[in-house]
Amino acid sequence: MVLLVLLVLGGSLVSRAQSRPREEAHIAFDAEMAHEGNDCPDQLTLADRNDCLGNVRVETYKNFDAFFAALREALIDESPNDANALALDATERAWEKYRVEMCDAVSNVYDVGTIKHPGSTQPNARIRCLIRLTRSRMQDLMRLYAPSL
């Protein structure tokens, strides 16, 4: 009887431990998606929007890092080895390279040094690109790894 109680309690603890990364992933994901479409609505000048978007980018990266770490932990929890997490790591390195190169390309088109195209009121294209691609990556990972989360 005591052994049965210990087995039930042990199973409950393992189940809670495995659900923790999933909860953390959802918290980070939901926090970031709540910002989408609401970035810096009250900033009136281009300089203020750029400063604000710089702060949004930092927050977006923090949410992404928390989400990614939790997803990775969830993959480790459900796998007999780290192969799935290591495969995710490899795709992440490739994606990070893509994000930088893509946003550099966008920046080269729309941002000309410290001066924008005449009459432009749009914030820094590179920062907007980094935010957009990071959020998109979170959404893709959430959909693709839904069974693990």
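Numbering of residues begins at 1 and proceeds along the displayed sequence.
- In this structure, the side chain to side chain donor-acceptor pair (under 3.5 Å) partners of Arg72, at least two apart in sequence or on a different chain, are Asp89.
- Neither Ile76 nor Phe68 shares a network with the other; the hydrophobic side chains, linked directly or stepwise wherever heavy atoms of I, L, V, M, F, W or Y lie under 4.5 Å apart, form separate groups for each.
- Contacts of Asn81 classified as side chain to side chain contact (heavy atoms under 4.5 Å, CB included), with partners at least two apart in sequence or in another chain: Ser79, Ala83.
- When the salt bridge (Lys or Arg N to Asp or Glu O under 4.0 Å) test is applied to Arg132, no partner is found at least two apart in sequence or on another chain.
- No side-chain heavy atom of Pro21 sits under 4.5 Å from any side-chain heavy atom of Leu71.
- Taking CG from Asp51 and CD from Gln43, the interatomic distance works out to 8.0 Å, rounded to the nearest 0.5 Å.
- Asn124 places no side-chain N or O within donor-acceptor distance of the main-chain N or O of Asn50, the cut-off being under 3.5 Å.
- Proximity of Leu53 to Arg128: side-chain heavy atoms (C-beta onward) are separated by under 4.5 Å at one or more points.
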Enumerate, atom names and distances included, each donor-acceptor pair closer than 3.5 Å involving a side-chain atom of residues 138-149, sequence neighbours excluded.
residue	atom	partner	partner atom	Å
Gln139	NE2	Glu36	OE1	3.3
Asp140	OD1	Arg143	NH2	2.8
Ser148	OG	Glu78	OE2	2.5

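- With respect to Asp39, the salt bridge (charged side-chain N to carboxylate O under 4.0 Å, His left out) criterion is satisfied by exactly one of Arg135, Arg57, Arg49: Arg135.
- In the hydrophobic clustering, where aliphatic and aromatic side chains (Ile, Leu, Val, Met, Phe, Trp, Tyr) are joined below 4.5 Å either directly or transitively, Ile27 stands alone.
- Considering all non-hydrogen atoms of both residues, Ile131 and Thr60 come closest at CG2-OG1, 4.0 Å.
- Val58 and Met33 fall into different hydrophobic clusters, where Ile, Leu, Val, Met, Phe, Trp and Tyr residues are linked whenever their side-chain heavy atoms come under 4.5 Å apart, directly or through other members.
- Contacts of Asn84 classified as side chain to side chain donor-acceptor pair (under 3.5 Å), with partners at least two apart in sequence or in another chain: none.
- Within the structure, no pair that satisfies the salt bridge (charged side-chain N to carboxylate O under 4.0 Å, His left out) test touches residues 58-68, not counting sequence neighbours.
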Side-chain polar contacts of residues 96-106 - donor-acceptor pairs under 3.5 angstrom, sequence neighbours left out - could you list them?
residue	atom	partner	partner atom	Å
Arg99	NH1	Thr134	OG1	2.8
Asp104	OD1	Arg126	NE	2.8
Asp104	OD1	Arg126	NH2	3.1

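- Alongside Leu130, the hydrophobic cluster contains Tyr61 (criterion: ILVMFWY side chains under 4.5 Å).
- Shown here are the salt bridge (Lys or Arg N to Asp or Glu O under 4.0 Å) partners of Glu73, two or more places apart in sequence or in another chain: there are none.
- Identified under the disulfide bond (SG atoms under 2.5 Å apart) test for residues 50-97, with sequence neighbours left out: Cys40-Cys52.
- Side-chain contact between Arg137 and Trp95 is present, with heavy atoms from C-beta onward closer than 4.5 Å.
- Under the side chain to side chain contact (heavy atoms under 4.5 Å, CB included) criterion, Ala28 pairs with Ala66, Phe67, not counting sequence neighbours.
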